[in-house]
Amino acid sequence: MSAPLRKGWCPGALRPMRTGDGLLVRVRLTGGALPAGTARALAQAARDFGNGLFDLSARANLQMRGVSDDTLPPLLDRLSALGVLDADEAAEQVRNVLASPLAGLDPMALIDVTALTRRLEGRLTADPALHALPPKFGFLVDGGGALRLDGVEADIGLRAADADVFRLTAGHATLGFVAPENAIEAALDVARAFLRHRRPDERRMRDLVKRLQDEACETPLPGRERGGGEGGVLEELSPASRFIRPGLAPQPSPEPGEGRAPLLAGCKLFGDGHASGFFAAAAPFGRLDADQLAGLATLAEKQGTALRLSPWRAIILAPVPAGEAASLGTAIASLGLVVDDTDPRLAIAACPGSPSCLSGQASAQADAARLAPVFAPFIRAGASVHVSGCAKGCARRAPASIVLVGQGGRYGLAFDADSRAPSETAPMDIGEIAALLKRRVAANGAKKNSAERDSP
Ligand code: SF4
């Protein structure tokens, strides 16, 4: 089998992406559920066919790195035997559903979305018309509870608002509320409406929603908001309105949380005073190795917990009795994973950079790890940090308080900016950046905002 060679493609397993360290093979696990036996087998597959490294994606997928053209076919055979390979590329691409990491495990969840997630995936893969959805177009199913997905962006969302109702969202817009038994049909109606209304350059729901809202502002039509969707959006996505519950007024949708640093590590209870909860084993910058994954599998088996992938660069173990949290934390920390949610690495967004990425101008993750102690006082003061291997800024789209962008092995530095903004300094090595930031802390403290900063 020859490996498809697509740079910049949204990768899968059947359609891997070529990177600086070989092919990147993304494994999509339904609901992020990762049985311990599967985790151990994937760890062995990464040793046998890749370079032994994984990335945790922001869509709760596991990405195996360093696969070669020669090792891809036997790897796919292994994935197929494990039951984690789709039938074809189209099914793999459209099966893009992010679900509550604690589905079926969290007694505080409003709705158990386990079965709904599986059914939604089945409907997406079975309907060829929906295979026209763009590669990164994604669904989200949130049952509420201890680990809500409020801050996670999705093209189409079903977010539990109560025990018997989902809020249906399109991009950032709330379209209305639907009953669980109608949720899949309503979501698929919106997906079909997206395909009908989108322009060729509109690849994400947010692009279409923005245009529809702009048009609604410019050309208000009588009764345009009768369906209750934000800014007239529901009018265009009208087929879904047959499922919208009357009498429930849409509320403003929360902004997506991309600007927020994901901070998830350690043990959290399912609710105040609850006797059990879950443990988040965080991988700095989303990177972990085969031994760490296999180690988590062993711990999960020993503790009798499930393993779940999450969109916050952490693997979740649940349920965990509160009395066992300390010993589990010690065991997870011994694997080299983060169990302390004040660890500054959790608040730094860093892409792989070079040599893992062909476009990398600097080793972003390695340098972010080295600079973490320097960033720590700024992070404690509320700053966000982005270290990017190039201006594309894959790890974070939103602006950050401190931004380093790779340029020929060094970094340009900017404040309160995104990675595409012009840097405010000449390129510096990380020693020079560390010295500059330390001087600033010594002189003024770690101030968060650019308005308060000294000129470099
Ligand atoms: S931002 Fe990082 S991962 Fe994205 S293209 Fe640039 S170097 Fe590669």
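For this chain, numbers begin at 1 and follow the sequence in order.
- Nearest heavy atom pair, residue Gly104 against residue Thr114, reads N-OG1, 3.7 Å.
- Here side-chain hydrogen bond (donor to acceptor under 3.5 Å, both in side chains) pairs that include residues 269-284, with residues two or more places apart or in two chains, number zero.
- Here the CG-CG distance, from Asp291 to Leu296, works out to 11.0 Å after rounding to the nearest 0.5 Å.
- In this structure, the side chain of Arg370 does not engage the main chain of Ile430 through any donor-acceptor pair within 3.5 Å.
- Looking only at distances, a side-chain donor or acceptor of Glu202 sits under 3.5 Å from a matching main-chain atom of Arg199.
- For the atom pair Leu133 CG and Arg198 CZ, the distance stands at 8.0 Å (nearest 0.5 Å).
- Looking only at distances, no side-chain donor or acceptor of Asp55 sits under 3.5 Å from a matching main-chain atom of Gln63.
- Under the salt bridge (Lys or Arg N to Asp or Glu O under 4.0 Å) rule, Glu153 has a single partner from Arg204, Arg206, Lys136, which is Arg206.
- For the pair His131 (side chain) and Thr125 (backbone), a donor-acceptor distance under 3.5 Å is present.
- Atom CG in Leu82 sits 12.5 Å away from atom CZ in Arg40 (nearest 0.5 Å).
- Looking only at side-chain heavy atoms (C-beta outward), Leu404 and Asp367 stay at 4.5 Å or farther from each other.
- The two residues Ala400 and Ser384 make their nearest non-hydrogen contact at CA-OG, 3.3 Å.
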Candidate pair His172 and Val209, rule side-chain contact (heavy atoms from CB on, under 4.5 Å), full reasoning: CA-CA 8 Å; His172 306 167; Val209 167; over 6 Å; no
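- In terms of heavy-atom proximity, Leu175 sits nearest to Ala170 at CD1-CB, 3.9 Å.
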Trace of the salt bridge (Lys or Arg N to Asp or Glu O under 4.0 Å) decision for Arg18 with Asp69: CA-CA 10 Å; Arg18 189 171 294 285; Asp69 292 319; 3.1 Å; yes
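- Side chains of Arg167 and Thr174: a donor-acceptor N/O pair is present below 3.5 angstrom, by distance only.
- Without hydrogens or angle criteria, Glu432 side chain to Asp429 main chain gives a donor-acceptor distance under 3.5 Å.
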side-chain contact (heavy atoms from CB on, under 4.5 Å) between Leu62 and Leu56, worked out: CA-CA 5 Å; Leu62 197 57; Leu56 302 175; 3.6 Å; yes
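- Shown here for Cys267 and Phe279, the closest heavy-atom pair between the two residues is CB-CD1, 3.6 Å.
- Note that CG of Leu24 is 5.0 Å distant from CE of Met17, once rounded to the nearest 0.5 Å.
- Contact check on Asp214 versus Lys210 returns a salt bridge, with a Lys/Arg side-chain nitrogen under 4.0 Å from an Asp/Glu carboxylate oxygen.
- Between the side chain of Asp142 and the backbone N or O of Ala160, no donor-acceptor pair lies under 3.5 Å.
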Worked check of salt bridge (Lys or Arg N to Asp or Glu O under 4.0 Å) between Asp343 and Arg345: CA-CA 6 Å; Asp343 188 307; Arg345 290 172 295 175; 2.8 Å; yes
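- Although no hydrogens or angles enter the test, the distance criterion places a donor-acceptor pair under 3.5 Å between the side chain of Ser68 and the main chain of Thr71.
- There is a side-chain donor-acceptor pair under 3.5 Å between Arg47 and Gln44.
- A donor-acceptor contact shorter than 3.5 Å is absent between the side chain of Glu424 and the backbone of Leu413.
- Under the 3.5 Å distance criterion, the side-chain polar atoms of Arg28 are left unmatched by any main-chain donor or acceptor of Ala13.
- A distance of 8.5 Å separates CD1 of Ile156 from CZ of Phe194, quoted to the nearest 0.5 Å.
- Note that OG1 of Thr117 is 7.5 Å distant from CD of Glu121, once rounded to the nearest 0.5 Å.
- With sequence neighbours left out, the ring-ring contact (aromatic ring centres under 6.0 Å, His included) criterion links Phe49 to no other residue.
- The closest donor-acceptor contact from the side chain of Gln303 to the backbone of Val320 lies at 3.5 Å or more, if one exists at all.
- Looking at heavy atoms from C-beta onward, Pro377 lies out of side-chain contact with Pro344 at the 4.5 angstrom threshold.
- Pairing each heavy atom of Asp340 with each of Leu346, the nearest pair is O-CD1, 3.7 Å.
- Nearest heavy-atom pair across Ser388 and Tyr411 is O-CE2, 3.9 Å.
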Trace of the side-chain contact (heavy atoms from CB on, under 4.5 Å) decision for Ile379 with Ile348: CA-CA 9 Å; Ile379 290 167; Ile348 302 169; 3.8 Å; yes
Test log, rule side-chain contact (heavy atoms from CB on, under 4.5 Å), inputs Met64 and Arg26: CA-CA 6 Å; Met64 200 179 290; Arg26 178 176 288 172; over 6 Å; no
